[in-house]
Participant: 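Here it is, the structure, as structure tokens.
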Amino acid sequence: MMPNVTDQRIDQLSVGAGPIPETFEASFRGQRDWRFWELMAFYFGCLGAGLYAISALLDWRAPGGAPRTTVTGLIVGFVLVIVIKNGSHVLGSSRPGRALRALSQVGSSWISRGSLFILLFGIFGALDVMVRLGWIPGDKDVLGWILGILALLASLAVMVYVGFVMAQGRRISLWHSPLMPVIFLVYSVVVGCALATGIFVIFGIAYDTELVRVLMLIGIPVMIFLVLAQLAFLGTSTEAGRISLRMLIRGRLAAPYIGGALIFGLVIPLILTAAAYGTSGGEAVASVISAVLIVIGGYLFFSSLLKAAVYTPTVEPGRSLLVNI
Amino acid sequence: MTKWGMTIDLRRCMGCQSCTMACKTKNGTPPGIFYRRVVEKEFGTFPNVHRTYVPMNCMHCDDPPCVAACPAGVFSKRPDGIVDVDSSKCYGARVCRIVCPYDAIAFIDEIVPYGEKGYLPPEKYWYEKFESGTAVKCDFCIDRLEEGLDPACVKTCPSEALKFGDLEDPDSEVSKLIRSRGGQTLNPELGTRPNVYYLT
């Protein structure tokens, strides 16, 4: 049975040092620990790491002797992760002076592992970009390949780790799913392709359009499948999961999630990309429109993911034996 | 080796929140911050409606998710079973609140006085040990344990619903109660192996 909890009521249920309660009712409450800065960090992390990975692939596929134009994508992706994502994490932490402690529990904490991945990405990514720009000798050499592969692996780890962090929240059915790391990986690749397309087309940078189009034609349907699978799992999960589901498909988040992220952010770009395949003239316009829709849709997707998270009460009917006394 | 644990008798608990107040008084926590509380739950349909009271605090799990998930090492599992917290290491990732299945960890966004006219003298003293932007939680009153005393909540409970003792000692009151009354842990399916047992 669907609990009688409105979305507005969920929003009003505060956490942490909020209003002093009259009673401590065991009730559903919305996740409000991670908000704007975490959203910025997660979103720009995916965007930057995805752009870096795609640009690295494009640069490798560039014919020998051709200008290394897609290095621009590497630099922008690197900056998004190292400056914007890291900056958002620091600004979002209440004690930024202790932020380096985030690296102290790599053996058990996914946030620590993620911090290590970002650090490694910063080191290998910077060296990789410098090698590709010719500032350090070794381009198209063993050293260049090793650095490029290490930076690519680090960027993939940066994409995925947030999914593992969120999947640890066992009381949040929306997040507690093995799909989360896959969702972050695939969405990062899709938004990375979109951002790369947008940047390269707008600034007239030559790139392998075929590779990007193929990646998008594979990545977007997979992402649509993952979004629908996540919604289907929510429907059969806990009551908190069903509240999240209702918020996403019928509540105030339906417009940004279903309309913005799913239809405008994935379905329409898929149709545009497929329709423009093999045509000339309208291809560039379709690519830019798709890119803009995907990048905006990605933001709405991650935003909805944080806002629709609902905690299962610690004492819930049907789950705890304690209510039967 | 001592392994501290607690039993909570739900037949005795009457929801008076004395334990909540004893905890706040002993620890001097700022407004809105509770290390423990008595959660109320209504269930059933009219006319067979019931209200149950479930005192909740940190379960001091044997496999605590907060210890594993915290990137800064704020939480640690002591040999005596207590999950200790060192807020001076906290930088505010808040993942502990996301992963704790028992909603046992509070986060001090900012320290504000209870009254509208500023801090009262005891508040100035109490709040010295807290930092805004850090996580805090129940530590079974470690300082009282070191003096041979029970935690403040156990000492205060007027209906003696709370008992505290060594779970490794088969002759301790808590061990006997768990055996005789069939003590249950909250949400055992999560595999966190709590050391707080409920008696029903």
Side-chain angles (χ1 to χ4, degrees), chain A residues 14-21 23-27 29 31-34 38 89-90 92-115 165-166 168-172 175-176 309 311-325, chain B residues 10-11 15 17 20 30-34 37-44 50 52-54 56 65 67-74 88-104 106-112 114 131-134 184 186-190 192 198 200:
Chain A
S14 62
V15 294
I20 302 167
T23 58
F24 299 96
E25 291 285 344
S27 56
R29 67 175 171 83
Q31 182 284 126
R32 295 294 177 266
D33 284 302
W34 287 348
E38 285 76 15
H89 278 308
V90 171
S93 67
S94 49
R95 294 273 161 185
R98 298 173 188 161
L100 279 178
R101 290 202 62 85
L103 284 160
S104 64
Q105 301 289 319
V106 175
S108 64
S109 165
W110 273 107
I111 291 186
S112 275
R113 289 169 191 161
S115 305
V165 171
M166 293 174 84
Q168 293 175 111
R170 280 181 276 200
R171 285 172 60 215
I172 301 175
W175 296 356
H176 186 53
Y311 285 105
T312 297
T314 45
V315 185
E316 188 193 5
R319 283 194 73 210
S320 171
L321 297 172
L322 301 170
V323 297
N324 296 325
I325 59 168
Chain B
L10 296 181
R11 288 183 191 274
Q17 304 281 5
T20 311
I33 300 297
F34 297 89
R37 69 264 186 233
V38 181
V39 173
E40 300 180 18
K41 185 73 194 174
E42 280 185 3
F43 58 99
H50 302 272
T52 187
Y53 302 101
V54 185
M56 302 274 306
V67 174
C70 176
V74 173
S88 66
K89 294 179 178 175
C90 182
Y91 73 92
R94 299 184 189 220
V95 70
C96 51
R97 287 180 51 79
I98 304 282
V99 300
C100 177
Y102 307 108
D103 201 12
F107 192 83
I108 305 174
D109 284 312
E110 60 174 329
I111 298 172
V112 292
Y114 274 96
E131 278 185 302
S132 61
T134 58
Q184 304 170 61
L186 202 58
N187 300 335
E189 73 279 6
L190 298 177
T192 53
Y198 289 89
T200 57

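If you're wondering where the values come from, they're calculated on a predicted model, not measured in any experiment. Order of the sequence lines sets the chain letters (A, B, ...), proteins ahead of strands, with each chain counted from 1.
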Participant: Please find the pair of heavy atoms, one from A:S94 and one from B:G92, that lie closest to each other, and give the distance.
Facilitator: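 Of all heavy-atom pairs spanning A:S94 and B:G92, the closest is OG-CA, 3.3 Å.
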Participant: When rounded to the nearest 0.5 angstrom, what is the spacing between SG in B:C90 and CZ in A:R95?
Facilitator: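 B:C90 SG to A:R95 CZ: 9.0 Å, rounded to 0.5 Å.
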Participant: Report the C-alpha separation of A:Q31 and B:I98 in whole Å, then their side-chain angles, then the decisive distance to 0.1 Å, and conclude whether the side-chain contact (heavy atoms from CB on, under 4.5 Å) test is met.
Facilitator: CA-CA 8 Å; A:Q31 182 284 126; B:I98 304 282; 4.0 Å; yes
Participant: Grab the two heavy atoms, one from A:W34 and one from B:A93, that are nearest each other, plus how far apart they are.
Facilitator: NE1-O, 2.8 Å
Participant: Specify which of B:T134, B:I111, B:V39 makes the most heavy-atom pairs with chain A at under 4.5 Å.
Facilitator: B:V39
Participant: Rounded to the nearest 0.5 Å, what's the gap from CD on A:Q168 to SG on B:C96? Could you check?
Facilitator: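 One finds 11.5 Å between CD of A:Q168 and SG of B:C96.
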Participant: I need the B:R37 CZ to A:T314 OG1 distance, nearest 0.5 Å.
Facilitator: 5.5 Å
Participant: Compare every heavy atom of A:S108 with every heavy atom of B:A68, then report the nearest pair and how far apart it is.
Facilitator: O-OG, 2.9 Å
Participant: Please name all residues satisfying side-chain hydrogen bond (donor to acceptor under 3.5 Å, both in side chains) with B:T20, sequence neighbours left out, ordered by chain then number.
Facilitator: B:Q17
Participant: Quick check: closest heavy atoms across B:P71 and A:S112, and the distance to 0.1 Å?
Facilitator: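 Residues B:P71 and A:S112, closest heavy atoms: O-OG, 3.1 Å.
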Participant: Rounded to the nearest 0.5 Å, what's the gap from CG on B:D103 to CZ on A:R29? Could you check?
Facilitator: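 If I round to the nearest 0.5 Å, the distance is 4.5 Å.
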Participant: Within this structure, what is the CZ-CZ distance for the pair A:R32 and B:R94, rounded to the nearest 0.5 Å?
Facilitator: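 It comes to 12.5 Å.
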Participant: Identify which of A:I111, A:V165, A:L103 forms the greatest number of heavy-atom pairs closer than 4.5 Å to chain B.
Facilitator: A:I111
Participant: Given side-chain contact (heavy atoms from CB on, under 4.5 Å), test B:V74 with A:R98 step by step and report yes or no.
Facilitator: CA-CA 11 Å; B:V74 173; A:R98 298 173 188 161; over 6 Å; no
Participant: For B:P188, enumerate each residue passing the side chain to side chain contact (heavy atoms under 4.5 Å, CB included) test, keeping only those at least two apart in sequence or located in another chain.
Facilitator: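 Expected list: B:T185.
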Participant: Using atom types as modelled and distance alone, determine if a side-chain donor or acceptor of A:R170 lies under 3.5 Å from a backbone N or O of B:P65.
Facilitator: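 Side chain of A:R170 to backbone of B:P65: no pair is present.
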